[in-house]
Amino acid sequence: MSENIQQPKSGQQNITATPSVNFGGRRRGPGSMGQVVEKPKDASRTLLRLAQYLGGEKLLLLILLASVIMITVTSLAAPALQGRGIDNILKKQWDRLPPLFAVLLAVYFANALFTLCQTYVSAHLSQRIVRRMRHDLFDKIARLPIPYLDTHASGDIMSRMTNDVENISTSISQSLGSLFSGILTILGTVALMFWYCWQLTLITMVTVIITVFVTKKMSALMRKVYRRRSQVLGQLNGHSEEMIRGYQSIVAYNKQSDVIEEFNKTSDELTKVSIRAEILGGSMGPLMNCISNVGFVIVSAFGGYFALLGLITVGTISAFIIYAKQFSRPINEIAQLYGSLQTAVAGAERIFELLDQPNEDNSGELPMEDVKGEIVFRNVNFSYIPGNPVLQDFNLTVKPGQKIALVGATGSGKTTVVNLLMRFYSPDSGEILIDGTNIRDINRDTLRRNTAIVLQDTVLFTDTVENNIKYADPEASAEAVEHAAQMSNSSFFIRRLPKKYQTLLIQAGAHLSQGQRQLLTIARAVLADPKILILDEATSSVDTRTEKNIQDAMVRLMKNRTSLIIAHRLSTIQDADKIVVMHQGRVTEIGSHEELLSKKGSYYDLYMTQFAGGQT
């Protein structure tokens, strides 16, 4: 609705989309540094609410935890069994090797089996949780008040429904089990290493500290470079999209060379940043391997010395090398998960922020029975932003069956009158009555069932022509749909469609003309059979011939109904019972077309300006 767009709203957000970047399908380094990591404002509170969703899947959680424990136990048992096998070989205790190898094979098989179970359960757990979350989100969006949708970018709301939910799904399926497993592995490995040889454990810790230090420094550097890469890539995509969208204007003004130069400049910067990012990303693995290999050398050297002293066996040295690798691996994994977990928690915070929004006001219990259609606006004041009034002491009485036209310059408050009547917004003061009853006391759904609205911006859905018309009454018969199409002058073009009423409309009827889409919305209004009809600039964006078809359809639609018409083309409302001229939220003139012209006031000025070819 035009007034909604023109009025600046508090809380309006500027949403800048950051393109997701896939670096060859690989994760590079800790913190998922190929993306900008969002940080939650209140992580503890958000995690508690996420835990409530997890709490609904107790059985899957228990199976996941049991699988993680078994994976950890088998991972810790295998090196010990290998070490014992090496000691048996050195001692030439051949009879002990077959059962030991059998147990070792069983441990490896169990580890693989429980890892598969963890993957399966994690996938089910994540999808069940995000399914509930999506249902809650969509249910909330369907019940949000119009003011919230008017003051928040639709892309931001969709991002919460898609990207944020997907981040949570990924974190649960990939990170939750790894986090549990990593913590248990670290604790179990340290305990076993101290049990075998505390001296060698302390020496091993030195390499672990070096690994953590280098990882932290590299993470900070890589995150900075990848963030810059994402920013430059976003600029390049934005520039390309802008050029394609505005190509006709670029060619008309001979700006091809300028846009190519600007594109090349951004592309060159992206190339430099990408090379640096790839070098840093590619160096992370070799650097970690180098530190790990140095650690193995240290463990081997000191382990051999301790073996000569009789403190440990050769098998223990072998087990120690594996434990040292197992100890550093979960630390690196947790570091890698940290960034994605933060982003997921930040996304969950945005989701819960939307879920916490109040639903649309559904107060009022009175039904609308035997509706006559009398509408009274009494001393109504309203502002979208406090201190900037849109309607001021607005008074208007519409008798049953009357056709009332609202005219005035853009921003005069015409569409706001409709918003208040439909209970999309509530007046700051004053009251609106239908048949003597305040609309706040009328059941909201009943009010809207008895009111139909045809907007300038047509809204059709990806469905058949028949179902688009039946949107007003899903139980309507095929005969009623055809009658509505005839009443709206849309049957003549529907019969020429490939499958007539069963033709599928795609992309909101993109293959139909603006006038044809408008006629379908009028057919929908005919089928609704409303007591009160609202036409909001329904003919403002069509040609004169199509306008005549729409006007004829609207005349039939308005018969015996209370009608409010908002129009910029004054030629379309000359037969209205009353024309209400508005200026800055106030009624300045009321009368018929002839009466207002004879007064030579505001309406006369509007009419003469438009008649002369000006713009109102």
Side-chain angles (χ1 to χ4, degrees), residues 1-10 146-147 150 375-399 402-422 424-433 439 453-457 532-541 562-616:
M1 294 189 180
S2 56
E3 250 78 28
N4 297 354
I5 298 172
Q6 291 149 7
Q7 295 292 338
K9 307 286 197 308
S10 59
I146 296 294
D150 280 346
I375 304 171
V376 177
F377 288 80
R378 186 178 296 162
N379 304 322
V380 173
N381 293 279
F382 175 77
S383 58
Y384 292 103
I385 302 173
N388 294 321
V390 178
L391 293 182
Q392 304 178 65
D393 195 26
F394 182 79
N395 291 276
L396 177 65
T397 299
V398 183
K399 294 180 181 179
Q402 269 193 329
K403 182 163 61 174
I404 303 297
L406 302 177
V407 300
T410 299
S412 59
K414 305 184 297 298
T415 300
T416 301
V417 172
V418 174
N419 285 342
L420 297 179
L421 180 61
M422 294 290 291
F424 294 155
Y425 288 81
S426 298
D428 299 333
S429 61
E431 56 184 358
I432 304 171
L433 311 174
I439 62 171
I453 184 168
V454 179
L455 301 172
Q456 172 185 358
D457 299 323
I532 299 171
L533 178 66
I534 299 169
L535 302 170
D536 190 351
E537 302 187 41
T539 63
S540 64
S541 56
T562 303
S563 304
L564 289 178
I565 309 167
I566 297 174
H568 275 282
R569 294 184 183 179
L570 302 185
S571 59
T572 62
I573 46 91
Q574 293 180 14
D575 61 338
D577 297 319
K578 284 185 180 180
I579 297 174
V580 179
V581 184
M582 298 181 63
H583 179 66
Q584 295 183 355
R586 297 179 185 272
V587 176
T588 58
E589 290 181 334
I590 296 181
S592 66
H593 174 69
E594 291 77 12
E595 290 172 347
L596 294 179
L597 284 181
S598 63
K599 288 182 180 180
K600 294 191 175 182
S602 302
Y603 181 78
Y604 177 84
D605 294 337
L606 286 171
Y607 183 80
M608 295 308 294
T609 301
Q610 194 170 103
F611 183 77
Q615 185 178 2
T616 58

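Every value quoted in this text rests on a predicted model; they were computed, and no experiment measured them.
The side-chain heavy atoms of I566 and V418, taken from C-beta on, include a pair separated by under 4.5 Å. L433 has its side chain within reach of R378: a pair of non-hydrogen atoms, C-beta onward, lies under 4.5 Å apart. Between I579 and H593, some side-chain heavy-atom pair lies under the 4.5 Å cut-off. For the pair D393 and R586, the minimum side-chain heavy-atom distance is below 4.5 Å. Contact annotation: the side chain of L396 approaches that of V580 to within less than 4.5 Å [non-hydrogen atoms, C-beta and beyond]. For the pair L420/I432, a side-chain contact is recorded, criterion being any heavy-atom separation below 4.5 Å from C-beta on. The shortest side-chain heavy-atom distance between V417 and M582 falls under the 4.5 Å cut-off.
Looking at T416 and Y425, their side chains never bring a donor and an acceptor atom within 3.5 Å of each other. Side-chain contact, N379 with S429: no donor N or O sits under 3.5 Å from an acceptor N or O.
Distance OG/S412 to CG/L391: 9.0 Å, rounded to 0.5 Å. The line from CD of E595 to CD of E589 is 11.0 Å long, rounded to the nearest 0.5 Å. Of the inter-residue distances, the one linking T415 atom OG1 with L406 atom CG reads 9.0 Å to the nearest 0.5 angstrom. Taking CD1 from I590 and CG from L596, the interatomic distance works out to 9.0 Å, rounded to the nearest 0.5 Å.
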**Q.** side chain to side chain contact (heavy atoms under 4.5 Å, CB included) evaluation trace for V581 with V587
**A.** CA-CA 6 Å; V581 184; V587 176; over 6 Å; no
Q.
Walk me through whether L421 and I375 qualify under side chain to side chain contact (heavy atoms under 4.5 Å, CB included).
A. CA-CA 9 Å; L421 180 61; I375 304 171; 4.0 Å; yes
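Smallest separation of non-hydrogen atoms from K399 and T562: O-OG1, 3.9 Å. For G408 against K414, the heavy-atom pair with the smallest separation is O-NZ, 3.1 Å. When all heavy atoms of A576 and A405 are compared, the pair lying nearest together is CB-CB, 4.0 Å. The minimum heavy-atom distance linking P427 with V380 is given by the pair CB-CG1, 3.9 Å. Residues Q584 and Q392 come closest through the heavy atom pair O-NE2, 3.2 Å.
The six-membered or imidazole ring of F382 lies away from that of F394, with a centre-to-centre distance of 6.0 Å or more.
At least one donor-acceptor pair under 3.5 Å links the side chain of D577 to the backbone N or O of K403.
Counting heavy atoms of neighbouring residues, nucleotides and ligands inside a 6.0 Å radius, atom NZ of K599 exceeds 12 of them.
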